[in-house]
Amino acid sequence: MIKLLKKLRRKEWLMAVICAVLVLGQIYFDLKLPDYMSNLTVLVKSSDSTMSDIMYTGAEMLGCTLASAVLCVICGYLTAKVAAGFGFSIREAVFNKIADFGQQEMNSFSVPSLINRTTNDITQVQMLAAMGLQILIKSPITAVWAVIKIINKSWTLSAITAGFVVALLIMMIIIIVVVLPRVRRVQKLTDNINQIARENLTGINVVHAYNAEDYQNAKFEKANVTLMNTQLFNQRSFAVLLPAVTLAMNALSLVIYWVGAAIVNNVSVSDIPQRLSTFSDIVVFGTYATYVIMSIMMMVMIIMLIPAAQVSAQRINAVLDTNVILREGTKTEAPEKGTVEFRDVSFRYPSSGKDILSHISFTANLGETVAFIGATGSGKTTLVSLIARFYDATSGEVLVDGQNVKDYTFDALYDRIGYVTQKAVLFSGDIRQNVLFGESRGEETDENVRQALDLAQATEFVEKLPGGIEAPIAQGGTNVSGGQKQRISIARALARKPEILVFDDSFSALDYRTDAKLRAGLEKQLKNTTRLIVAQRIGTIRNADKIIVLDEGRAVGIGTHDELMKSCPVYQEIARSQLSSEELGA
């Protein structure tokens, strides 16, 4: 929690300091009231006091009350501002940190967990800041100040008050020790609930198609009941505290006045001034003792929030303290243009015990079309992801434009690359916003959008949509078909005007006619753009300048279609499974 306080901006720190000063003012005025009450008691019982004296003392009490109320309102406003600013700063820091994550960091946290940390966990911390800024300052100072005020009034009553306080503190400590581990568990169970719900919503069509509603319901029910039972235990434990403190406060008042009555009775009836003074001290003592217990009651309210907030703070810090492995370099210029080279590259995932890619070497020159083909799991997507630096090679070098990708700044590297992912991803907005997504060398004009859509063979369906390029796109592109999503994704890469285009199995949702027209357009209009294509269909890549055949992470063949048909058994097997006898003969 203390580490997160460093996220407070200067103006929030200033408001927090002002709020602390105002809280001290509140405490001063609140603790002045019992003194005035003592004076008022003496005045009422004294025969020589006048009504004006009583009214003046009453006015002073009213003034203290009003001053305390005004300070409380101002402090509440400042506290809300500080808590909101605190939450804003943390949320911004967490979001920016996650935006810097690579694939490895994303895999170490689950997506539901990151969403939970960005929302629920930050809300828990913000709530503690909102309440704690006042109560964590006010409660202990009020309790200590009140104790100092009463400690010389009566040792008997002081001992009684101390006994009540110690008993309450012991009970609070026991409850916190018992509950805290279960609060940590609640956060993980909440992540689990989010994961199951997200999985169910994402795959709702599959759930319906396989009649798996009961299975999913049972799965959610089990996670939900586990979370409920854990929360019930925590809340029942905390529920003991508030009634216990209320009971202690009322019981303490009763005991103080009962013992105090005995103390007053022990004073001689003839010694009226001493009897009156003792009675006044008992009244003041009872009020201050109530303040002590009320301070503990306020602390109980915070203590109910502290365990959850502390766990949330640890989870937030786990994100903020994560060491991002992919660090950008400093280079922005390169000695070449439009080239990609792999020099004896091997790669393994951090959690894997063996290499996914082994000793890959090839060069793609400016304007060439280089294709990658192989069985599922042969490492095609992993290979092209190294170009975009989603991961770093375990050994060897990946060069773009003659420069190691690790040496580039991220902006410089991604300005050179247009990457079309295996799974088409669209964002909520409209078609124009999706095509011009992000920063690039491409112009942010409607003409650039239309050119990219035309080359991606998307103009035909876009023009039929109401609004054309202004047509809305739902979150995830759920209002367009798979082939349309893929073509818009391709247009997004083309609109960047990159030197190198990477298509990671990006033609799989296209029919053969659209596929052929798209490849012909790329060949004709982008002669000075290097194209790297991952494909499953030989028809998509048979005219490539260079085809690299992968098998279990190794390049078992490099050459043209005709060369590989003569020299590469793996390629021959793929070809025979896809092409007819006539096509093979041709």
Side-chain angles (χ1 to χ4, degrees), residues 87 90-92 94-99 101-124 126 184-232 308 311-312 315-316 318-319 322 351 376 381 385 390 420-431 433-434 437-438 461 465 471-489 492 504-506 508-509:
I90 298 175
R91 196 170 285 110
E92 182 180 45
V94 171
F95 185 87
N96 290 338
K97 184 70 174 187
I98 294 174
F101 279 3
Q103 290 295 322
Q104 185 171 336
E105 290 80 25
M106 289 297 296
N107 292 337
S108 65
F109 299 94
S110 67
V111 172
S113 179
L114 287 174
I115 293 173
N116 202 30
R117 291 167 199 247
T118 311
T119 52
N120 182 59
D121 286 334
I122 293 177
T123 301
Q124 294 275 10
Q126 183 175 331
R184 297 178 191 275
R185 190 171 174 225
V186 163
Q187 303 292 5
K188 294 181 180 179
L189 292 174
T190 304
D191 289 347
N192 189 39
I193 285 280
N194 288 343
Q195 182 173 345
I196 294 172
R198 186 174 182 271
E199 185 181 63
N200 188 65
L201 294 173
T202 303
I204 191 68
N205 290 336
V206 177
V207 173
H208 290 325
Y210 283 82
N211 196 27
E213 290 89 346
D214 291 340
Y215 172 78
Q216 287 295 95
N217 288 340
K219 189 176 177 182
F220 185 82
E221 180 72 10
K222 181 180 178 181
N224 205 18
V225 167
T226 304
L227 176 62
M228 178 191 71
N229 290 335
T230 306
Q231 282 281 54
L232 279 175
V311 173
S312 294
R315 285 159 53 85
I316 293 167
V319 175
T322 298
S351 57
T376 302
T381 295
S385 69
F390 297 155
V420 186
T421 55
Q422 191 172 21
K423 181 182 179 182
V425 177
L426 297 183
F427 299 88
S428 57
D430 56 38
I431 292 177
Q433 290 172 339
N434 272 276
F437 184 76
F461 80 84
L465 296 174
I473 295 292
Q475 183 180 4
T478 54
N479 61 334
V480 292
S481 69
Q484 291 170 341
K485 284 169 63 175
Q486 206 160 58
R487 280 178 278 177
I488 294 174
S489 296
R492 180 167 57 206
D504 183 8
D505 200 13
S506 308
S508 58

Do other residues, nucleotides or ligands put more than 12 heavy atoms under 6.0 Å from the CG atom of Asn96?
yes
Testing the basics here: between Leu426 and Ser489, what is the closest heavy-atom pair and its distance to 0.1 Å?
CD2-OG, 4.0 Å
Distance check, rounded to the nearest 0.5 Å: Gln216 atom CD versus Tyr210 atom OH?
13.5 Å
Inter-residue atom distance Gln422.CD - Gln486.CD, 0.5 Å rounding
9.5 Å
Considering non-hydrogen atoms only, spot the tightest contact between Ala318 and Arg117 and give its length.
CB-NH1, 3.9 Å
Do the non-hydrogen side-chain atoms of Phe109 and Ile98 ever get within less than 4.5 Å of each other?
no
Hey, is the main chain of Asp430 close enough, under 3.5 Å, to the side chain of Asn434 for a donor-acceptor pair?
yes
Do Phe220 and Asn200 have side-chain heavy atoms sitting under 4.5 Å apart?
no
Using a 4.5 Å cut-off on heavy atoms from C-beta on, say whether the side chain of Leu114 contacts that of Met106.
yes
Within the supplied structure, the quantity of interest is the number of heavy atoms (other residues, nucleotides, ligands) at a distance under 6.0 Å from Lys219 NZ; does it exceed 12?
yes
Do the non-hydrogen side-chain atoms of Arg315 and Val319 ever get within less than 4.5 Å of each other?
no
When rounded to the nearest 0.5 Å, the distance separating OG of Ser312 from CD1 of Ile122 is 9.5 Å
Is it true that atom CZ of Phe427 has more than 12 heavy atoms of other residues, nucleotides or ligands lying nearer than 6.0 Å?
yes
Which distance, rounded to the nearest 0.5 Å, do you find between the OG1 of Thr190 and the CG of Asn116?
5.5 Å
Picking from Asn479, Thr478, Val425, Val480, what satisfies side-chain contact (heavy atoms from CB on, under 4.5 Å) with Lys485?
Val480
Roughly how far, to the nearest 0.5 Å, is CZ of Arg198 from CD1 of Ile115?
5.5 Å
For a 4.5 angstrom cut-off between non-hydrogen side-chain atoms, does Thr381 reach Phe390?
no
Looking only at heavy atoms, what is the nearest atom pair of Ala223 and Asn192, with distance?
CB-ND2, 3.7 Å
As an exercise, state the distance from CD1 of Ile473 to CG of Leu465, rounded to the nearest 0.5 Å.
7.0 Å
Judged by atom type as modelled, is there a donor-acceptor pair below 3.5 Å linking the side chain of Asp121 to the main-chain atoms of Ile316?
no
